[in-house]
Number of protein chains: 2
Amino acid sequence: MDYKPTIEDVAKLANVSIATVSRVINNQGGVRKITEEKIVNAIRELGYIRSAVARSMKRKETNTIGIIVPDITNPFFPHVVAGIEQKAREKGYYTILSSTNESPIIEEEIVKIFIERGVDGVIITTANETGNHIKLLQDQGIPIVAVDRAIKNFEVDTVLVDNVNGAYQAIRQLILQGHEKIGIICGPQNTTPGRERYIGYKKALEEYNIPFDSSLVYQGDFKENSGYKGALHLFYSKNRPTAIFSSNNQMTIGCVKALTELDWKLGEEVSFIGFDDVEIATFIKPKLSVVSRPMTTIGEIAFQLVYERIHFKENLPKREYLLTPELKIRESCHKI
Amino acid sequence: MDYKPTIEDVAKLANVSIATVSRVINNQGGVRKITEEKIVNAIRELGYIRSAVARSMKRKETNTIGIIVPDITNPFFPHVVAGIEQKAREKGYYTILSSTNESPIIEEEIVKIFIERGVDGVIITTANETGNHIKLLQDQGIPIVAVDRAIKNFEVDTVLVDNVNGAYQAIRQLILQGHEKIGIICGPQNTTPGRERYIGYKKALEEYNIPFDSSLVYQGDFKENSGYKGALHLFYSKNRPTAIFSSNNQMTIGCVKALTELDWKLGEEVSFIGFDDVEIATFIKPKLSVVSRPMTTIGEIAFQLVYERIHFKENLPKREYLLTPELKIRESCHKI
DNA sequence: GTGAAAGCGCTAACAA
DNA sequence: TTGTTAGCGCTTTCAC
């Protein structure tokens, strides 16, 4: 075949005008039953599928939500995306997904492409919190929802997790178990999660009057390898910690790998809590304690927010969701 | 602002015709330098971004590749997607990604949506190998590449992994180490990978004259939970195996969890090899031996195939890539 | 209930 | 080197 029938082909075959065909494909009613049947038959016979491109052209909407994530291979994001997609499909929306690989440059490119394509809204975990590319979207009146990382200088709806609180809970737990030398593997300090988790760490220390020791702080980048290096750093620190807090899932992986190689006994010689649950948490020995976030829910809320913003643009205040993460205590942290 | 400037706005501001503007945004040359500058300035001033919708309408191509995966939360797919995206971006293509959750119904829906949206090609890991929905795509002349799972009844380019061989290698390894009672946790037998890995299993047994015992075969569904149940099943089997082969990554996770709970000593009482590498493989103790696939490469090849098919439709034979997986022997399998 | 026709923003053929 | 113009396939008034 290799030929895409158009609304006109259908109209001809059914012996009606294209306007009438349009009415039936859009369920607008006001068409006689017999006419409708003729049309439906013609559609089936031709295998007609209406062109979303032409439709978008006319309607000025694409029913598409653009999703921008920094790293699609970080399992956190596929779970969030699954939540978005689920809700989107229910409302007749579709998604374009792109991964920036944490590059602000790629991110800006993607934003432009999304605008070109006329997305109706954007859900973004930005790699560039102060980025001016957000302005591009706002200038076009495209609703934006920031997920997981806030966006500075612009008013956008956000759904975040209370990182400070999550990290705080984790560190407090460790302190209550008697730890005083607690190491942290930080995320990049130019991202909200990276910064906030570090703040939670310091807050807990302060509150319990534990002296802060900068040699117990390792600057990571949220990638696995920096977790690995962080563990090494802490192990060889003059003031070797009795507990470690890792700021995200990928670094947790790297960190645990290092512990194994160093033969630094997890749960015995060193307690551990990581931010974000990881697949392996419950089946390595000892089971990992983690700060866990409702990933799918985050996605669902994010979609809900863009959706509302698309449909009731004008009279909506800025909305900020702050979900509270849950500390799941398992076996990797012990009384000292 | 909230107003999208069009090519006409640019033309007016620059005092030229829209045709000339079109020439410069498409780098077609044949425009005087001064004119071009005027136009470029106008574009910048207005913040003009050309509409891909209108462009697609005219050109009959969207520069979009649709990707359909059965389960986006299975880490295998994000890695494949990353490979596709990488290559796609290089060639000026973009991707729409949807997950079917293994549902043939959702899959058919997605196919229709993709056609509506005029994707130039589709890369699919189908949940329905015999599905007739593929015909829809073919009727429209949309190139299809099947990844990881073959498609029956239709001629499409495919990039598969030699599952038979991969499983065979794994089982042979186990046999050479002296195992005779080898359990398998199978994938769904209505998917190529599920079937083929089972075939590889049987082939190795046969070749080495190990009697086949159906009580050592557990039918899973590629989800974590069935790996868990599979391990339980094998543990309580009258003919308890000394080695287990798991047919995919998610089931491997479930399986290892069960082993831990059963206190069935991995690597000592029971050897283990899983299909597909998993994050945790190298940092649980003992490290997991796995059959590993080049995920990103698979994605890259898949894109290459659609791309070629889009551009040289006519004179291209059906291409079938069969990548050989690699057996990575680590610590979870031991001489008996 | 139905049809005619305008027009969405762009590309490309043709003219100048 | 530049401009005019005919559509691409659809939705949506406005007539009838």
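To find a chain, count down the sequence lines: A is the first, B the second, and so on, and within it residues start at 1.
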Visitor: So what does B:Gln28 touch, heavy atoms closer than 4.0 Å: a base, only the sugar-phosphate, or nothing?
Guide: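 Result for B:Gln28 = sugar-phosphate.
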Visitor: Distance check: side-chain N/O of B:Lys58 vs OP1/OP2 of D:dA6, anything under 4.0 Å?
Guide: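 No, no such contact exists.
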Visitor: Salt bridge between B:Glu36 and B:Arg32, side-chain N to carboxylate O under 4.0 Å?
Guide: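 Answer for the salt bridge query: no.
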Visitor: Mind checking A:Thr6 for me? I need base, sugar-phosphate or nothing, with any heavy atom below 4.0 Å counting as a touch.
Guide: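 If one applies the 4.0 Å heavy-atom cut-off, A:Thr6 turns out to touch the sugar-phosphate alone, with no base involved.
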Visitor: Between B:Arg23 and B:Ala52, which is nearer to the 5' end of DNA chain C once each is assigned its nearest nucleotide?
Guide: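 Checking each residue's closest nucleotide, the 5'-ward one belongs to B:Ala52.
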Visitor: Separation of B:Ile25 atom CD1 from D:dT2 atom C1', in whole Å?
Guide: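 For the pair B:Ile25 CD1 and D:dT2 C1', the rounded distance is 15 Å.
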Visitor: Of all the nucleotides listed (D:dT12, D:dT2, C:dT11), which has the minimum atom distance to the side chain of B:Ile7?
Guide: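 So the nucleotide nearest the side chain must be C:dT11.
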Visitor: May I ask you to decide whether A:Arg293 forms a salt bridge with A:Asp148, counting only side-chain N to carboxylate O separations under 4.0 Å?
Guide: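 Yes, A:Arg293 and A:Asp148 are salt-bridged.
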Visitor: Measure CE/A:Met57 against P/D:dT12 and give the value in whole Å, please.
Guide: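 A:Met57 atom CE is separated from D:dT12 atom P by 14 Å.
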Visitor: So A:Ser56, base contact, sugar-phosphate only, or nothing? Heavy-atom distance under 4.0 Å.
Guide: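 Counting heavy atoms under 4.0 Å across all strands, no contact is made by A:Ser56.
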Visitor: Of the options D:dT11, C:dC10, D:dT2, whose atoms approach the side-chain atoms of B:Ala54 most closely?
Guide: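 So the nucleotide nearest the side chain must be C:dC10.
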Visitor: For B:Lys12 and C:dC10, give me the distance from atom NZ to atom P, rounded to whole Å.
Guide: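 Value for this atom pair: 13 Å.
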Visitor: Using OP1 and OP2 only, check whether a side-chain N or O of B:Ser22 sits under 4.0 Å from C:dT11.
Guide: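 Yes, B:Ser22 has a side-chain N/O under 4.0 Å of OP1/OP2 on C:dT11.
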Visitor: Which of these nucleotides, C:dT2, C:dT11, C:dG9, is closest to any side-chain atom of A:Arg32?
Guide: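 Among C:dT2, C:dT11, C:dG9, the one nearest the side chain of A:Arg32 is C:dT2.
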Visitor: Please state how far atom CZ in B:Arg117 lies from atom C1' in D:dG9, giving the value in whole angstrom units.
Guide: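 The answer, rounded to whole Å, is 16 Å.
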Visitor: Check for me whether A:Lys91 meets the cation-pi criterion with A:Tyr307, that is, NZ or CZ under 6.0 Å from the six-membered ring centre and within 45 degrees of the ring axis.
Guide: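 Judged by the rule, A:Lys91 and A:Tyr307 form a cation-pi pair.
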Visitor: To the nearest Å, give me how far apart CD1 (A:Ile18) and P (D:dT12) are.
Guide: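 Computing the A:Ile18:CD1 to D:dT12:P distance gives 13 Å.
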Visitor: Would you kindly give the CG-to-P distance between A:Asp9 and D:dC8, to the nearest whole Å?
Guide: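 My rounded result for the distance is 11 Å.
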Visitor: Charged N to carboxylate O below 4.0 Å: is that the case for A:Arg149 and A:Glu102?
Guide: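 Looking at A:Arg149 and A:Glu102, the cut-off is met.
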Visitor: In whole Å, what is the span from the CD atom of B:Glu8 to the P atom of D:dT5?
Guide: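 In whole Å, D:dT5 P lies 13 Å from B:Glu8 CD.
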Visitor: For B:Arg50, which contact category applies under a 4.0 Å heavy-atom criterion: base, sugar-phosphate, or nothing?
Guide: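 Since only primed, P, OP1 and OP2 atoms lie under 4.0 Å of B:Arg50, the category is sugar-phosphate.
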Visitor: Touch check for B:Val16, heavy atoms < 4.0 angstrom, all strands: base, sugar-phosphate only, or nothing?
Guide: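 Sugar-phosphate: the residue B:Val16, judged by heavy atoms under 4.0 Å, touches backbone atoms but no base.
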Visitor: So which one's nearest nucleotide on DNA chain D is more toward 5', B:Glu36 or A:Ala19?
Guide: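 Its nearest nucleotide being more 5', the pick is B:Glu36.
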Visitor: Nearest whole angstrom, please: distance from the P of D:dC10 to the CZ of A:Arg59.
Guide: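 That distance rounds to 13 Å.
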Visitor: So A:Phe77 and A:Ile72, side chain to side chain contact (heavy atoms under 4.5 Å, CB included) or not? Walk me through it.
Guide: CA-CA 6 Å; A:Phe77 294 107; A:Ile72 197 186; 5.7 Å; no
Visitor: Do B:Arg89 and B:Thr95 meet the criterion of a side-chain donor-acceptor pair at a distance under 3.5 Å?
Guide: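 The criterion, which ignores hydrogens and geometry beyond distance, is not satisfied for B:Thr95 and B:Arg89.
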Visitor: Ignoring backbone atoms, test whether B:Ser51 places a side-chain nitrogen or oxygen under 4.0 Å from the OP1 or OP2 oxygen of C:dG9.
Guide: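 No, no such contact exists.
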Visitor: Which nucleotide sits closest to the side chain of B:Lys60: D:dG3, C:dG3, D:dG9?
Guide: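 Looking only at heavy atoms from C-beta outward on B:Lys60, the closest nucleotide is D:dG9.
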Visitor: The side chain of B:Thr20 is closest to which nucleotide in this list: D:dC10, D:dG3, D:dG9?
Guide: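 Given the options D:dC10, D:dG3, D:dG9, the side chain of B:Thr20 is closest to D:dG3.
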